[in-house]
Colleague: 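Before anything else, here's the structure in question.
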Amino acid sequence: MAKNLVIVESPAKAKTIEKILGNDFEVKSCFGHIRDLEKDDMGIDIPNNFKPKYIVPEDKEKVVKDLKKLAKETDEVWLATDEDREGEAISWHLCEVLGLDPVNTKRIVFHEITKSAIEKAVRQPRLLDMNMVHAQQARRILDRIVGFELSPVLWRKMSMRNSLSAGRVQSVAVRLIVEREREINAFNSVSTFKVEAWFTGKDISGKNISFKAEGPTKFKTAEDAEKFLQQCVGAAYTVKDIQVKPGKKSPAAPFTTSTLQQEASRKLGYSVSKTMLLAQKLYESGKITYMRTDSVNLSDTALANIQKEINTSFGEKYHQHRKFKNKNESAQEAHEAIRPTYMENHTDDDSDTKRLYDLIWKRTIASQMSDAELEKTIAKIDISTNHEELTASGEVLKFDGFLKVYLESRDEEDVTEEEEDQEGSLPPLTVKQALDLKEMKATERFSRPAPRYTEASLVKKLEELGIGRPSTYAPTITTIQKRNYVEKRDKEGVKREYRILLLKDNQISKNTDSENTGAEKSKLFPTDLGMIVTDFLNQYFDSVMDYGFTAKIEEEFDEIAGGKQVWNKMLNNFYQPFHKAVQDTLENAERVKGERLLGEDKESGKPIVARMGRYGPMIQIGKAEDEEKPRFAKLKATQSIETITMEEAMELFKLPRTLGQFEGSDVVVNIGRFGPYAQHDKQFYSLKKEMDPYTVELDEVGPLIAEKRTAKSERTIKVFEKEKIQILKGPYGPYIKQGLRNFKIPKEKIDTAADLTVEEAKAIIEDVKANPPKKKAPAKKKKA
DNA sequence: CAGTGAGCGAGCTTCCGCTTGACTT
């Protein structure tokens, strides 16, 4: 038995560190937090100065038991959890649970897993920082109070009230999406006219050249643009001036969790959860450093390896030592940046993780490479018939530097229109050179609203606001979608006409062309529920919904950590007004329906409203108290209470439609709980995505019925008619179905499932019934 | 599996931040 027990948070880390420390040390992991607030009664004794009631969650019991045993057997326990607020608290909980005295237990920290860093840490142990622990405790309790007092308010006050939730992080994330959506809906696009001219000529050596130049300004109206083109009729064009300016580009910092999620989204199209899943795999197989980090720091060992790699692969002039600083004040920097563990592994052989690994390798190596050097050329072109001038610009790469391996992509909203017209190189020109105008065009361009958030751009925004942590970005994005506040989907663009004025051969002609606009892919849209909940929370709990709330309380947590404020006093200052708002809201707020009056029914004169019903957004014609029952129709998935028009609403009442007869019985189309479907002979058939229930025709439904029939026969391996037992092929392999129940076939019989006899199948069913498979343990309710 | 829409109210839900597997009809 080793003399020393070192406890870290991550098991992968434990393995690595054990190798470094040698035989006297046994390194174990506690798998993150080992205690949490009890759920009953919020787990907080509020009148008793917010005294927390901690328990060991069921899934951590084994970990705690094992650590207790080891702690007893060893001479000395070293607490080596991460050096941040949460890590300090985990160490304190370990003391509490393992019966260690915080005043003489050794606490060590390191920010990188290297031999020198770990050996240095062991030489300089410190003690637990109780102020830091109290800061974490205040954070934990505040989040519990906000979540567990606000959520029940929603259950009482929303017309749709199944498993709604609110919290310091998630509710603000939804707010961002809701406000962006409204910004887009309220956006009024204005158009301007942009002038471009294409020239031809000859360079000094007599070679033919051609290039593009841009007009003096964007014209506000077609008339202004035409006037300008008119002035250019018959003009001569000469190069008036050429300016050459050097420029440079620098590489981006190495990856943090949030920047990795953003780049993987932009370059590879991964969702944030997919990125984290793949990164976790790479981490567990020892290929990259820890993937949940807010640090851009690289260890000295890593820097040396990167330099070596650059020198051998690209040459010394490509290397430039850089130290990146974190822009984010809320960063706690308990780890390194995300980088390959071994730079000499240029790629990964696993096809699943390869693309992400390549991205991390390139980003890491580029971060220590030289600037790219550019030469920007701007040529002014004189127009003989007026005082305006045209501008041609070009960019030439003189030295590629880091661009040899990697260039960071940008978000849609950060790219300006000028950058969109990508600059190529300009042919060599000379001052006073005469040019021939091939054609000049004034094209109508429309201003665009801010784009909707992607998962990754939302993470970026949250990080900027200091809301959430690397370990919670992905789960938060999942939560707000699971709660149906937000949905990720595509939006089809609409066709829009734009005008073009063309000057060619001294003639001006007018034309229109069309473009697709407003198309979006994998963007976050708020649902009606998300909007209604956000409006409600904004109205009654504006302080928690404020974008600066987290930043403000983080300052206070820092004061607690610095010993300048007492944790339970801070909590009390927050709690008094907050709790009062909760009570006022419960007493006074009306139940929220999100109702919007669309107009009157032409035939009956009854009011038509869009509102939230118990089962989702809908249109209602007439009132509940009318003699005649109101008519109802559910909104389509892409429609919203806020934007639906009267016309679109009336369209919804056209279902159900009877299309005609097939094999002697009616085919009826409707939209149900699981989307559009056709009903025929008591069977249901889901309509294909591209089939619109409002316009679909009979001859399109026939193939659907046939398809389902063959799919069913293909899925069937064997049928025992009399016993009502079927052997079917499912997504997880063959299984047995009797009546409505499914039964798992034991592993050893999976391969020969087709040969099962009715007796064998029966035996399996009896077996499963006798030993039902363990279900996911539902949260155990404790009885006093 | 393809309904519903009023009101009352059992009995349920819920937070954020640390960490990984177990397991799927």
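Proteins come first, then strands; the chains are lettered A, B, ... in the order of their sequence lines, and each starts at number 1.
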Colleague: Can you find a heavy atom in the side chain of A:Val669 that is under 4.5 Å from one in the side chain of A:Tyr677?
Modeller: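 A:Val669 does not reach A:Tyr677 side chain to side chain.
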Colleague: Taking the same atom, C1', in B:dA2 and in B:dA6, what whole-Å distance lies between them?
Modeller: 24 Å
Colleague: Do we see A:Trp155 stacking on the base of B:dT13, given a limit of 5.5 Å between centres and 30° between planes?
Modeller: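 Yes; by the centre-distance and plane-angle rule, A:Trp155 counts as stacking on B:dT13.
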Colleague: Answer yes or no as to whether B:dT14 has its base stacked against A:Phe148, where stacking requires a ring-centre separation under 5.5 angstrom and planes under 30 degrees apart.
Modeller: yes
Colleague: Is the shortest side-chain N/O distance from A:Ser151 to OP1 or OP2 of B:dC15 below 4.0 Å?
Modeller: no
Colleague: When you get a sec, tell me which of B:dG5, B:dC16, B:dG3 is the closest nucleotide to the side chain of A:Lys629?
Modeller: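 Nucleotide nearest to A:Lys629's side chain: B:dG5.
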Colleague: Scan A:Gln170 against the nucleic acid and name what it touches under 4.0 Å (heavy atoms): base, sugar-phosphate only, or nothing.
Modeller: sugar-phosphate
Colleague: Taking only the side-chain nitrogens and oxygens of A:Arg483, find out if one of them lies under 4.0 Å from OP1 or OP2 of B:dT14.
Modeller: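 Answer is yes, contact under 4.0 Å.
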Colleague: State whether A:Arg107 and A:Glu88 are salt-bridged, where the test is any N-O pair (Lys NZ or Arg NE/NH1/NH2 against Asp/Glu carboxylate O) under 4.0 Å.
Modeller: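 Salt bridge present between A:Arg107 and A:Glu88.
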Colleague: Does A:Arg156 place a side-chain N or O at less than 4.0 Å from the phosphate oxygens OP1/OP2 of B:dG9?
Modeller: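 Answer is no, no contact under 4.0 Å.
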Colleague: Looking across every strand, which nucleic acid part, if any, lies under 4.0 Å from A:Gly468 by heavy atom: base, sugar-phosphate, or nothing?
Modeller: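 If one applies the 4.0 Å heavy-atom cut-off, A:Gly468 turns out to touch the sugar-phosphate alone, with no base involved.
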Colleague: Would you call A:Asp66-A:Lys28 a salt bridge at under 4.0 Å N-O?
Modeller: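 No, A:Asp66 and A:Lys28 are not salt-bridged.
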Colleague: Looking at every strand, decide which applies to A:Gln280 at a 4.0 Å heavy-atom threshold: base, sugar-phosphate, or nothing.
Modeller: sugar-phosphate
Colleague: Within the structure shown, what part of the strands sits under 4.0 Å from A:Thr472 by heavy-atom distance: base, sugar-phosphate, or nothing?
Modeller: base
Colleague: At under 4.0 Å, does any side-chain N or O of A:Tyr290 touch on OP1 or OP2 of B:dT19?
Modeller: yes
Colleague: Is there a donor and acceptor pair, one atom on the side chain of A:Arg140 and one on the base of B:dC15, closer than 3.5 Å?
Modeller: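 Indeed, a donor on one side and an acceptor on the other fall under 3.5 Å apart.
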Colleague: Could you tell me whether A:Arg631 contacts a base, only the sugar-phosphate backbone, or nothing, with contacts defined as non-hydrogen atoms closer than 4.0 Å?
Modeller: nothing
Colleague: Under 4.0 Å, heavy atoms only, any strand: does A:Arg35 hit a base, just the sugar-phosphate, or nothing?
Modeller: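 Result for A:Arg35 = nothing.
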Colleague: Over all strands shown, is A:Val146 touching base, sugar-phosphate only, or nothing at heavy-atom distances under 4.0 angstrom?
Modeller: nothing
Colleague: Describe the nucleic acid contact of A:Ser686 in one word from base, sugar-phosphate, nothing, applying a heavy-atom distance below 4.0 Å.
Modeller: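 Since a base atom lies under 4.0 Å of A:Ser686, the category is base.
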Colleague: Which is true for A:Gly32 with a 4.0 Å heavy-atom rule: it touches a base, it touches only sugar-phosphate, or it touches nothing?
Modeller: base
Colleague: Contact class for A:Ala89 vs. all strands (heavy atom < 4.0 Å): base, sugar-phosphate, or nothing?
Modeller: nothing
Colleague: Suppose we call a contact any N or O donor and acceptor under 3.5 Å apart; does that hold for the side chain of A:Arg139 and the base of B:dC16?
Modeller: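 Flag set: donor-acceptor pair detected.
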Colleague: Between A:Arg292 and B:dC18, is there a side-chain N or O to OP1/OP2 distance below 4.0 Å?
Modeller: no
Colleague: What nucleic acid atoms does A:Pro475 come within less than 4.0 Å of, heavy atoms only: base, sugar-phosphate, or nothing?
Modeller: nothing
Colleague: Which part of the nucleic acid, if any, lies within contact of A:Asp82, taking any heavy atom under 4.0 Å across all strands shown: a base, the sugar-phosphate backbone alone, or nothing?
Modeller: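 Contact class for A:Asp82: sugar-phosphate only.
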Colleague: How far, in whole Å, is B:dC23 from B:dT19 if one measures between their P atoms?
Modeller: 24 Å
Colleague: A:Ser471 side chain N/O closer than 4.0 Å to the phosphate oxygens (OP1, OP2) of B:dC18?
Modeller: yes
Colleague: Contact class for A:Gly616 (heavy atom, under 4.0 Å): base, sugar-phosphate, or nothing?
Modeller: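 The residue A:Gly616 makes base contact.
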Colleague: Under 4.0 Å, counting only non-hydrogen atoms across every strand here, what does A:Tyr685 touch: a base, just sugar-phosphate, or nothing?
Modeller: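 No contact.
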